[in-house]
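Worksheet for the structure shown next.
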Amino acid sequence: MLSSLPLRIGYGEDAHRLAPGRPLILGGVPVPHAERGAVAHSDGDAVMHAVADALLSGLALGDIGQYFPDTDPQWAGLDSRDILRRVLDLIRERGYEPVNVALVVTLDRPKLGPLRAEIARSVAALLALPESEVGVSFKTSEGLAPDHVQVRVTALLGRDG
């Protein structure tokens with residue numbers, strides 16, 4: 001029976017258009033020297049959105065749009081770390097915890113390599129995981145989609161017992 005499995009795998013993805021005059025936040029970390037930031041109803045942190053969706057997906061709980069619709073003004077400007085905290089409450093209510101996450105950020109500019117450890121630390125802290133359980137990779141679109149940021153995440157969830 002699927003509901004009795006001690007391990008579940010989830011997948012999440014998020015993307016936002018980039019525009020001048022907006023901050024760029026990834027994994028709870030403000031990206032310095034970013035000329036453009038995410039256009040979004042919340043703070044536009046695509047890493048937090050994709051991690052939250054991956055956790056929800058692993059337990060067949062839908063996606064963050066169901067819980068935080070962009071048509072609802074109460075979520076305007078929401079700190080995406082709060083989205084992830086609320087999603088963690090949902091999975092913990094069902095007896096699961098994150099075990100590992102792997103995320104890939106696609107962004108042409110600025111280069112994110114210097115922020116890898118800080119993003120991993122931030123995500124790990126929110127998930128109550130060791131940093132060694134948060135994989136962070138960066139890619140460019142090779143100029144195919146320079147006006148957006150996209151994040152893909154896989155998550156492993158575990159249950160005691």
### Query
Going through the distances and angles, do Arg86 and Phe68 end up as a side-chain contact (heavy atoms from CB on, under 4.5 Å)?
CA-CA 10 Å; Arg86 291 176 193 211; Phe68 309 95; 3.6 Å; yes
### Message
Distance check, rounded to the nearest 0.5 Å: Asp108 atom CG versus Lys139 atom NZ?
### Response
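Here the interatomic distance stands at 13.0 Å.
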### Task
Hey, could you give me the CD/CG distance between Glu118 and Leu26, rounded to the nearest 0.5 Å?
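So the gap between those two atoms works out to 11.0 Å.
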### Task
Give the C-alpha distance, both sets of side-chain angles, the deciding distance and a yes or no for salt bridge (charged side-chain N to carboxylate O under 4.0 Å, His left out) between Asp82 and Arg85.
CA-CA 5 Å; Asp82 290 337; Arg85 287 182 188 106; 2.7 Å; yes
When you measure from the side chain of [X] to the backbone N and O of [Y], does any donor-acceptor pair fall under 3.5 Å?
X      : Y      : result
Asp14  : Val151 : no
Asp70  : Gly65  : no
Asp72  : Trp75  : no
His16  : Ala40  : no
Asp147 : Arg17  : no
Asp43  : Ser80  : yes
Ser141 : Leu144 : yes
Arg94  : Leu90  : yes

Quick one, [X] and [Y] - any side-chain contact, counting heavy atoms below 4.5 Å?
X      : Y      : result
Leu156 : Glu133 : no
Arg22  : Arg36  : no
Tyr11  : Arg152 : yes
Met48  : Ile83  : no
Val51  : Pro98  : no
Ser137 : Leu103 : no

### Task
Please test Thr106 against Val149 for side-chain contact (heavy atoms from CB on, under 4.5 Å), starting from the C-alpha separation and ending with a verdict.
CA-CA 6 Å; Thr106 302; Val149 59; over 6 Å; no
### Message
Within the supplied structure, the quantity of interest is the number of heavy atoms (other residues, nucleotides, ligands) at a distance under 6.0 Å from Leu7 CG; does it exceed 12?
### Response
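Yes, CG of Leu7 has more than 12 neighbouring heavy atoms, counting only those of other groups under 6.0 Å.
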### Query
Would His49 and Ser42 satisfy side-chain hydrogen bond (donor to acceptor under 3.5 Å, both in side chains), going step by step from the backbone distance to the final call?
CA-CA 10 Å; His49 297 174; Ser42 68; 3.1 Å; yes
### Query
Do Thr71 and His41 meet the criterion of a side-chain donor-acceptor pair at a distance under 3.5 Å?
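Their side chains do not contain a donor-acceptor pair, so the 3.5 Å distance test is not met.
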### Task
Return each pair, listed once, that meets ring-ring contact (aromatic ring centres under 6.0 Å, His included) where at least one residue sits in residues 97-126; pairs must be two or more places apart or across chains.
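Those involving residues 97-126 do not exist here.
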